[in-house]
*Asks:* 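Here's a structure for you.
First the proteins, then the strands, lettered A, B, ... as listed; each starts at 1.
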Amino acid sequence: MKRAMNHIAMALVFLLLGFLMAYQYRVLREPVKKLTVEETQMLLREIEQLKSEREELVERNRRLTAELRAFEEEIASVDEGGRILKAQLDAARLLLGLSDVQGEGVILTLKPMNPVLSNQPVEYLTDLELLYLVNELKFAGAEAVSINDKRLTAQSGLKSSAGNSFILVNDEKISPQDEIVIRAIGNRETLLGALSFTGALDFEALMFYDIRYQGVDSVEIPKFNRSFRMDFIEEGGAP
Amino acid sequence: MSALIGLAIGILLGLFLDIRIPELYATYLTVALLAALDSVFGAFKAKLSRTFDSLVFVSGFFGNAFIAVALTFLGDKLGLPMYLAAVLVFGVRIFNNFAVIRRLALERWMQRKRS
């Protein structure tokens with residue numbers, strides 16, 4: 001009986017060993033999918049095609065926007081009501097981020113420390129630190145904020161993704177391992193005051209970044225280049 | 001004999017069964033495999049020197065694999081490549097065991113030749 005049990009135990013142990021070895025062998029032998037020259041060329045052609053399509057669409061968008069502006073100017077020049085409406089429309093566009101804006105403000109540059117020069121492991125920024133900085137700037141009266149030229153709007157969100165290998169801003173990727181530039185338009189002195197407040201820039205991983213900021217007479221922030229979502233929002237009933 | 005049958009079935013299962021172990025555990029699997037191989041060489045040596053005990057073998061097989069995987073896991077958590085320690089230790093042991101096996105096998109062969 002004991003002998004039979006021994007045999008079964010040995011068989012099971014060797015079965016496991018055989019399985020592990022064969023599995024490892026199979027996994028290492030599986031070819032890694034490599035693109036052929038033709039496939040690479042086809043992909044490159046597709047990229048070029050899409051790039052030119054994009055440029056055409058951007059140009060068309062620019063033309064249509066100019067036409068729209070011309071129509072608006074025309075309507076505004078007809079009567080006073082039209083002029084007021086146009087002024088309100090322009091103000092709404094500025095606030096929503098639908099037009100390029102400029103004005104006095106600050107430019108904040110965050111550069112990660114060189115890990116070789118640091119005496120402790122370098123931590124990289126996450127969405128948390130960016131949210132903190134944006135909140136500081138907004139609280140200090142920033143009227144428009146952009147991160148790496150991505151304008152933050154009422155529908156913008158920040159989220160770390162893929163184990164913080166990048167942070168999504170307006171669904172576009174920025175890397176916490178590269179330089180990040182935050183621009184804010186607002187009262188320059190107030191914004192600078194908020195940033196130079198003791199401990200304001202020591203939050204979490206910000207300590208591992210070389211942070212420089214300066215007040216500028218004319219900060220330029222490009223417009224929000226995506227479309228707003230309006231699938232669920234509708235006007236509330238009259239009170 | 002039972003060991004050979006088990007090994008053959010295991011190899012067939014490993015080659016043809018469509019089981020995927022996540023990439024994340026690849027290092028653990030390799031270290032466990034190395035520990036298991038060390039136990040097998042140890043068992044072979046014990047068999048030749050007539051000190052083999054299946055209970056010692058089975059417990060060593062699973063125990064060594066477990067300790068190796070646990071050390072690797074701990075190393076991962078501490079940011080220390082502890083799997084290198086397992087590779088080194090088991091590698092050296094396999095070579096030592098193989099040297100003893102070779103010597104024992106040669107002795108037996110010489111004895112048989114003499115008689």
Side-chain angles (χ1 to χ4, degrees), chain A residues 1-35 112-126 128-129 159-166 173 175-177 204-209, chain B residues 1-44 46-47 52-66 68-69 77-80 87 90 94:
Chain A
M1 185 66 188
K2 200 187 166 207
R3 212 175 147 76
M5 285 297 283
N6 276 349
H7 277 297
I8 291 170
M10 292 296 283
L12 283 177
V13 166
F14 274 89
L15 187 143
L16 190 62
L17 179 74
F19 173 77
L20 285 177
M21 285 198 301
Y23 175 83
Q24 197 71 5
Y25 174 75
R26 196 188 71 192
V27 167
L28 291 178
R29 260 183 59 112
E30 271 174 9
V32 180
K33 168 83 177 147
K34 278 188 183 153
L35 291 176
M113 275 182 194
N114 189 339
V116 180
L117 302 177
S118 174
N119 55 1
Q120 50 182 320
V122 169
E123 284 177 33
Y124 290 107
L125 284 184
T126 61
L128 195 68
E129 287 85 356
K159 184 78 191 157
S160 291
S161 194
N164 202 39
S165 59
F166 55 82
K173 292 174 187 177
S175 167
Q177 288 158 34
E204 303 279 337
L206 288 177
M207 284 188 284
F208 299 97
Y209 279 70
Chain B
M1 191 64 189
S2 56
L4 280 178
I5 293 170
L7 191 68
I9 295 173
I11 288 173
L12 287 177
L13 286 178
L15 285 178
F16 299 110
L17 210 65
D18 195 21
I19 292 178
R20 303 295 307 181
I21 298 170
E23 281 288 297
L24 197 67
Y25 305 122
T27 323
Y28 300 127
L29 191 70
T30 322
V31 169
L33 180 59
L34 195 65
L37 274 176
D38 168 58
S39 298
V40 168
F41 272 92
F44 198 52
K47 195 97 182 164
F52 179 75
D53 183 334
S54 62
L55 193 65
V56 173
F57 169 58
V58 174
S59 62
F61 184 91
F62 289 107
N64 279 351
F66 176 76
V69 169
K77 293 289 152 205
L78 297 174
L80 238 162
V87 169
F90 289 125
I94 286 174

*Asks:* Measuring heavy-atom distances to chain A, does B:I19 have an atom under 4.5 Å in its side chain, in its backbone, in both, or in neither?
*Replies:* both
*Asks:* In terms of heavy-atom pairs under 4.5 Å with chain A, which of B:L29, B:L55, B:V40, B:I21 leads?
*Replies:* B:I21
*Asks:* Sort B:L4 into side chain, backbone, both or neither according to what part of it lies under 4.5 angstrom from a heavy atom of chain A.
*Replies:* neither
*Asks:* Give, as side chain, backbone, both or neither, the part of B:I5 having an atom under 4.5 angstrom from any heavy atom of chain A.
*Replies:* neither
*Asks:* Taking salt bridge (charged side-chain N to carboxylate O under 4.0 Å, His left out) as the definition, give me every residue that meets it alongside B:R20, ordered by chain and number, with sequence neighbours left out.
*Replies:* A:E30
*Asks:* Measure the CG-CG distance between A:L128 and A:L206 for me, rounded to the nearest 0.5 Å.
*Replies:* 9.0 Å
*Asks:* Looking at B:T30, B:L33, B:L34, which hits side chain to side chain contact (heavy atoms under 4.5 Å, CB included) with A:L20?
*Replies:* B:L33
*Asks:* Can you find a pair of side-chain heavy atoms, one from A:F208 and one from A:P112, that are under 4.5 Å apart?
*Replies:* no
*Asks:* Nearest 0.5 Å please: distance from the CE atom of A:M10 over to the CZ atom of B:F52.
*Replies:* 4.0 Å
*Asks:* Chain A heavy atoms under 4.5 Å from B:L37: which part of the residue, side chain, backbone, both or neither?
*Replies:* both
*Asks:* Could you tell me which portion of A:L17 (side chain, backbone, both or neither) has an atom closer than 4.5 angstrom to a non-hydrogen atom of chain B?
*Replies:* both
